[in-house]
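Single-structure report; data block below.
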Amino acid sequence: MRLILLALPLLSFTQALHFYFESNEKRCFLEELPSDTIVEGHYKALLWKEDESAWKIDEQLGIHVNVEEVTTGHVVVNTRGPSDGRFTFTSHEPGDHNICIHSNMTGGWLSNEHIKLYLDINVGSARHDIDSDLSHVTTLASKLRELNNKVADIQREQRYMREVEAQFRDASELTNARAVKWSLLQLAVLIAAGVWQMRYLKVYFEDKKLR
């Protein structure tokens, strides 16, 4: 007997999905995936014990997991594990992936076992592209070198501006000092000329009186 369940795309499970099936049944899920996407699954199967009226772990119970690309028919996963196990695969082509689970217990209708299975499927991010990462690092390094060169240019320009400013300040101070000296010299000449004129006029008027 084969029972197929159509499931919505699973982005991530915060709680485990659980369902019931018989030991001769196969449960299948359709998972739509992009290419190069990592998928991790964790399952835990319990067997119904009539004598205990409870779900128990049975060491003899095994779970078979089969994952197949619907469009190409390529089998991505075909593994058998214990009642509590994991499986991981990476999608090669975009599209629907058929995830089928069944037990290792087979028999007629009278010997069917009741199974309760917890399933947690995590669809991860796309697989890392190493070439893309290297290209990104190279581009980042190139931009960093350009930024360092621009900073160095700005620093050189700042040093040049400081040197020009220092030269201009020195020239201004020298000009101011010369202007002060020239002003003092002019003042001394004016004072000397005034003194000489006063003495000359004094002598002139004294000479006029004597006459």
Side-chain angles (χ1 to χ4, degrees), residues 1-140:
M1 180 179 180
R2 178 183 175 90
L3 180 62
I4 300 178
L5 300 180
L6 298 179
L8 293 175
L10 305 177
L11 297 179
S12 63
F13 281 94
T14 56
Q15 295 181 351
L17 169 71
H18 72 274
F19 52 87
Y20 306 88
F21 64 101
E22 303 297 325
S23 58
N24 65 339
E25 289 182 341
K26 179 184 288 188
R27 289 296 181 96
C28 294
F29 299 86
L30 283 179
E31 181 73 20
E32 185 177 1
L33 300 171
S35 60
D36 294 328
T37 301
I38 300 173
V39 179
E40 297 178 349
H42 175 219
Y43 61 85
K44 182 178 181 180
L46 303 176
L47 200 63
W48 176 255
K49 299 294 184 179
E50 289 289 350
D51 54 346
E52 301 180 27
S53 297
W55 297 99
K56 296 292 184 178
I57 295 177
D58 192 324
E59 298 297 336
Q60 302 299 321
L61 178 61
I63 298 297
H64 190 93
V65 179
N66 181 274
V67 180
E68 179 181 330
E69 293 178 352
V70 176
T71 56
T72 63
H74 174 66
V75 177
V76 182
V77 174
N78 186 14
T79 182
R80 179 185 178 278
S83 59
D84 189 350
R86 298 178 180 272
F87 62 91
T88 304
F89 67 92
T90 301
S91 60
H92 301 290
E93 298 292 336
D96 291 333
H97 289 66
N98 195 25
I99 304 174
C100 293
I101 297 176
H102 63 89
S103 72
N104 62 336
M105 294 183 175
T106 57
W109 288 98
L110 298 178
S111 61
N112 280 345
E113 300 287 349
H114 304 293
I115 300 173
K116 180 179 182 180
L117 189 135
Y118 293 90
L119 178 63
D120 185 5
I121 297 179
N122 294 316
V123 179
S125 58
R127 186 171 52 190
H128 290 299
D129 188 345
I130 297 178
D131 293 337
S132 177
D133 291 344
L134 291 177
S135 175
H136 179 70
V137 171
T138 302
T139 304
L140 202 60

> For the residue pair His74 and His92, does the interplanar ring angle fall in the parallel (under 30°), tilted (30 to 60°) or perpendicular (over 60°) class?
Replying inline: perpendicular
>> Can you tell me how the ring of Phe21 sits relative to the ring of Phe19, calling it parallel under 30°, perpendicular over 60° and tilted otherwise?
In response: tilted
Find the distance between [atom1] ([X]) and [atom2] ([Y]) and round it off to the nearest 0.5 Å.
X: Ile99; Y: Phe89; atom1: CD1; atom2: CZ; answer: 4.5 Å
X: Asn98; Y: Glu31; atom1: CG; atom2: CD; answer: 11.0 Å
X: Leu117; Y: Trp55; atom1: CG; atom2: CH2; answer: 10.5 Å
X: Glu113; Y: Asn24; atom1: CD; atom2: CG; answer: 10.5 Å
X: Cys100; Y: Phe29; atom1: SG; atom2: CZ; answer: 9.5 Å
X: His42; Y: Arg86; atom1: NE2; atom2: CZ; answer: 4.5 Å

Checking the side chain of [X] only, and the main-chain atoms of [Y] only, is there a donor and an acceptor separated by less than 3.5 Å?
X: Ser91; Y: Thr37; result: yes
X: Ser103; Y: Ser23; result: yes
X: Asn66; Y: Cys28; result: no

Contact summary for [X] and [Y], nearest pair of heavy atoms:
X: Ile63; Y: Ser83; value: CG1-CA, 4.3 Å
X: His114; Y: Leu47; value: O-CD1, 3.5 Å
X: Arg80; Y: Asn104; value: NH2-ND2, 2.7 Å

Taking C-beta and beyond as the side chain, do [X] and [Y] meet within less than 4.5 Å on heavy atoms?
X: Lys49; Y: Asp58; answer: yes
X: Ile57; Y: Leu46; answer: yes
X: Leu30; Y: Val70; answer: yes
X: Glu93; Y: Leu33; answer: no

>> Run Leu119 and Ile101 through side-chain contact (heavy atoms from CB on, under 4.5 Å) and show every step you take.
In response: CA-CA 10 Å; Leu119 178 63; Ile101 297 176; 4.0 Å; yes
>> Could you check whether atom NZ of Lys116 has more than 12 heavy atoms from other residues, nucleotides or ligands sitting under 6.0 Å from it?
In response: yes
>> Would you say CD of Glu59 has more than 12 non-hydrogen atoms from neighbouring residues, nucleotides or ligands within 6.0 angstrom?
In response: no
> Would Glu68 and His97 count as a side chain to side chain donor-acceptor pair (under 3.5 Å) if you check the C-alpha gap in whole Å, the side-chain angles of each, and the deciding distance to 0.1 Å?
Replying inline: CA-CA 6 Å; Glu68 179 181 330; His97 289 66; over 6 Å; no
> Going through the distances and angles, do Asn78 and His64 end up as a side-chain contact (heavy atoms from CB on, under 4.5 Å)?
Replying inline: CA-CA 7 Å; Asn78 186 14; His64 190 93; 2.6 Å; yes
